[in-house]
Undergrad: 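Got a structure here, written out as structure tokens. Questions coming.
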Amino acid sequence: MKQLFLIGGPMGVGKTTVCQHLKTLLPRSVFLDGDWCWDAHPFQVTEETKAMVTDNICHLLNNFLACSAYENIVFCWVMHQQEIIDGILSRLNTDACRVHCLSLTAEADCLRHRLEEDVRRGLRTEDVIPRSLERLPLYPRLNTRLVDTTGKTARQAAEEIIALCAPN
């Protein structure tokens, strides 16, 4: 049976890196980062662009779900509201699929440190730090399983996800 891993979390928590590890640890896997569906300059958040990116994500995920080459579909994005998760799931054909909804979290100091490192390396702008920290408390309220990445490597977090999602 196919598996779909929907993995959310605040910016800087390690979603992309953890999912890259998941892709290599799980058999016959494909990975989609939601940010790849919205890589634009200038980056604009409007009702039109939000609808477009969600449509892009759902189209790609449905194609991956329908493709016999893939057994595991891994998706990550900043999904800090249940409505985002539910909206995506409502548009996917998951009839023959186990769906795992997870949120990566980290202690605030750890997240701040990771984001400051990214800013120093020129990977992010400083305004991302307060936005990410403000969203951190939202994740425990979601209907997802939490994986705390504090003090863990990305591979360790990916292995924890696999163990959490193993059939009972």
Side-chain angles (χ1 to χ4, degrees), residues 1-40 43 45 48-106 111 114-115 118 123-124 128 131-132 135-136 138-149 152-167:
M1 175 175 270
K2 285 189 184 242
Q3 297 189 95
L4 172 63
F5 295 82
L6 292 182
I7 301 175
M11 295 166 283
V13 79
K15 292 180 302 297
T16 300
T17 309
V18 168
C19 288
Q20 290 287 6
H21 281 282
L22 272 176
K23 179 184 71 181
T24 61
L25 292 169
L26 294 166
R28 299 175 45 214
S29 299
V30 63
F31 167 46
L32 173 65
D33 187 325
D35 290 345
W36 300 338
C37 297
W38 203 353
D39 187 359
F43 183 74
V45 179
E48 179 184 20
T49 59
K50 287 191 286 188
M52 178 221 38
V53 74
T54 302
D55 187 58
N56 289 345
I57 287 166
C58 293
H59 181 80
L60 288 167
L61 289 175
N62 273 321
N63 281 345
F64 292 146
L65 287 165
C67 183
S68 64
Y70 304 119
E71 179 181 325
N72 293 285
I73 297 93
V74 179
F75 169 69
C76 74
W77 201 28
V78 175
M79 295 180 282
H80 60 289
Q81 299 169 325
Q82 191 64 44
E83 297 79 31
I84 297 170
I85 298 166
D86 294 344
I88 290 170
L89 284 173
S90 72
R91 297 174 62 182
L92 300 181
N93 181 1
T94 59
D95 293 340
C97 182
R98 289 181 52 221
V99 176
H100 308 283
C101 295
L102 302 113
S103 294
L104 302 185
T105 63
L111 184 58
R114 290 177 186 175
L115 290 166
D118 286 353
L123 302 174
R124 299 182 192 269
V128 76
R131 284 189 290 127
S132 188
R135 289 180 178 170
L136 190 57
L138 302 176
Y139 290 93
R141 300 180 194 160
L142 302 176
N143 186 21
T144 62
R145 296 172 93 170
L146 299 177
V147 175
D148 188 340
T149 64
K152 296 176 188 162
T153 66
R155 184 178 176 96
Q156 288 170 326
E159 289 170 346
E160 183 176 334
I161 290 168
I162 292 169
L164 272 174
C165 298

Undergrad: Could you tell me whether a side-chain N or O of Arg124 sits under 3.5 Å from a main-chain N or O of Met11, the two making a donor and an acceptor?
TA: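 Looks like no, no N/O pair under 3.5 Å.
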Undergrad: How would you list, by chain and number, every residue that makes a side chain to side chain donor-acceptor pair (under 3.5 Å) with Arg135, sequence neighbours excluded?
TA: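 Residues passing side chain to side chain donor-acceptor pair (under 3.5 Å) with Arg135: none at all.
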Undergrad: Do any N or O atoms from the side chain of Lys15 and from the backbone of Trp77 form a donor-acceptor pair under 3.5 angstrom?
TA: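 No.
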Undergrad: Would you check, one step at a time, whether the test side-chain contact (heavy atoms from CB on, under 4.5 Å) holds for Leu65 with Cys97?
TA: CA-CA 8 Å; Leu65 287 165; Cys97 182; 3.8 Å; yes
Undergrad: What is the distance from atom CE of Met1 to atom CD of Glu71, rounded to the nearest 0.5 Å?
TA: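 The CE atom of Met1 sits 11.5 Å away from the CD atom of Glu71.
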Undergrad: Answer yes or no: is there a side-chain heavy-atom contact under 4.5 Å between Ser29 and Thr24?
TA: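 In short, these two side chains do not touch, never coming nearer than 4.5 Å.
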Undergrad: Roughly how far apart are Phe75 CZ and Leu61 CG, rounded to 0.5 Å?
TA: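 Answer for the CZ-CG pair, Phe75 versus Leu61, is 5.5 Å.
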Undergrad: Report the C-alpha separation of Arg28 and Asn72 in whole Å, then their side-chain angles, then the decisive distance to 0.1 Å, and conclude whether the side-chain contact (heavy atoms from CB on, under 4.5 Å) test is met.
TA: CA-CA 6 Å; Arg28 299 175 45 214; Asn72 293 285; 5.6 Å; no
Undergrad: For Arg155 and Thr17, which I'm curious about, is there any donor-acceptor pair between the side chains at under 3.5 Å?
TA: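 Short answer, no.
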Undergrad: Are Val74 and Leu32 side-chain neighbours, meaning at least one heavy-atom pair lies under 4.5 Å?
TA: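 The answer is no; the side chains never approach within 4.5 Å.
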Undergrad: For residues Leu115 and Gly12, report the shortest heavy-atom separation together with the two atoms involved.
TA: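 Scanning both residues completely, I find the closest heavy atoms to be CD2-CA, 3.6 Å.
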Undergrad: Do side-chain atoms of Thr54 reach the backbone of Met52 as a donor and acceptor pair under 3.5 angstrom?
TA: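 No: the side chain of Thr54 does not pair with the backbone of Met52.
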Undergrad: Who pairs with Arg141 by side chain to side chain donor-acceptor pair (under 3.5 Å), at least two apart in sequence or on another chain?
TA: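 For Arg141 there are no side chain to side chain donor-acceptor pair (under 3.5 Å) partners, ignoring immediate neighbours.
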Undergrad: Salt bridge (charged side-chain N to carboxylate O under 4.0 Å, His left out) with Lys23: which residues, sequence neighbours excluded?
TA: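 Partners of Lys23 under the salt bridge (charged side-chain N to carboxylate O under 4.0 Å, His left out) test: none.
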Undergrad: Out of curiosity, Cys37 SG to Asn56 CG, how far, rounded to the nearest 0.5 Å?
TA: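 It is 5.5 Å, given to the nearest 0.5 Å.
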Undergrad: Relative to the ring of Tyr70, is the ring of Phe64 parallel (under 30°), tilted (30 to 60°) or perpendicular (over 60°)?
TA: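 Rings of Phe64 and Tyr70: perpendicular, as their planes differ by over 60°.
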Undergrad: Determine whether a donor-acceptor pair (N or O, by modelled atom type, separation under 3.5 Å) exists between the side chain of Arg98 and the backbone of Lys2.
TA: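 Checking the backbone N and O of Lys2 against the side chain of Arg98, no donor-acceptor pair under 3.5 Å is found.
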Undergrad: I'd like to know if the side chain of Thr149 and the backbone of Lys152 have a donor-acceptor N/O pair within less than 3.5 Å.
TA: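 A pair under 3.5 Å: no.
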Undergrad: Who pairs with Phe5 by ring pair (Phe, Tyr, Trp, His ring centres under 6.0 Å), at least two apart in sequence or on another chain?
TA: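 With sequence neighbours excluded, Phe5 shows a ring pair (Phe, Tyr, Trp, His ring centres under 6.0 Å) to His100, given in chain and number order.
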Undergrad: Check whether any side-chain heavy atom of Thr105 lies under 4.5 Å from a side-chain heavy atom of Val147, and answer yes or no.
TA: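 The answer is no; the side chains never approach within 4.5 Å.
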Undergrad: Look up atom CD1 in Ile7 and atom SG in Cys19, then write down how far apart they are to the nearest 0.5 Å.
TA: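 One gets 3.5 Å once the value is rounded to the nearest 0.5 Å.
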Undergrad: On a heavy-atom basis, which atom in Gly34 and which in Val53 lie closest, and how many Å separate them?
TA: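 Result for this residue pair: O-CG2, 4.1 Å.
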Undergrad: Distance check, rounded to the nearest 0.5 Å: Thr16 atom OG1 versus Asp33 atom CG?
TA: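 Here the interatomic distance stands at 3.5 Å.
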Undergrad: Can you find a pair of side-chain heavy atoms, one from Leu111 and one from Pro10, that are under 4.5 Å apart?
TA: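 A side-chain contact under 4.5 Å exists here.
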Undergrad: For residues 85-94, tabulate all N or O donor-acceptor pairs below 3.5 Å that involve a side-chain atom, not counting sequence neighbours.
TA:
from	atom 1	to	atom 2	distance (Å)
Asp86	OD1	Gln82	NE2	3.0
Ser90	OG	Asp86	O	3.4
Ser90	OG	Gly87	O	2.9
Arg91	NH2	Asp55	OD1	2.8
Asn93	OD1	Asp95	N	3.4

Undergrad: How close do Leu25 and Ala158 get, counting heavy atoms only, and between which atoms?
TA: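 Closest approach of Leu25 to Ala158, heavy atoms only: CD1-CB, 3.9 Å.
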Undergrad: Tell me, with the steps shown, if Ile73 and Gln3 meet side-chain contact (heavy atoms from CB on, under 4.5 Å).
TA: CA-CA 6 Å; Ile73 297 93; Gln3 297 189 95; over 6 Å; no
Undergrad: As a quick check of understanding, evaluate side-chain contact (heavy atoms from CB on, under 4.5 Å) for Met79 and Leu6, giving each step before the final call.
TA: CA-CA 9 Å; Met79 295 180 282; Leu6 292 182; 4.3 Å; yes
Undergrad: Rounded at 0.5 Å granularity, tell me how far CH2 in Trp36 sits from CG in Leu60.
TA: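 Result: 10.5 Å between the selected atoms.
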Undergrad: Under the ring pair (Phe, Tyr, Trp, His ring centres under 6.0 Å) rule, collect the residues that match up with Tyr139, sequence neighbours excluded.
TA: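 Applying ring pair (Phe, Tyr, Trp, His ring centres under 6.0 Å) to Tyr139 gives none.
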Undergrad: Distance-only, no hydrogens or angles: does the Arg145 side chain make a donor-acceptor pair with backbone N or O of Leu164 under 3.5 Å?
TA: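 Such a contact is found between Arg145 side chain and Leu164 backbone.
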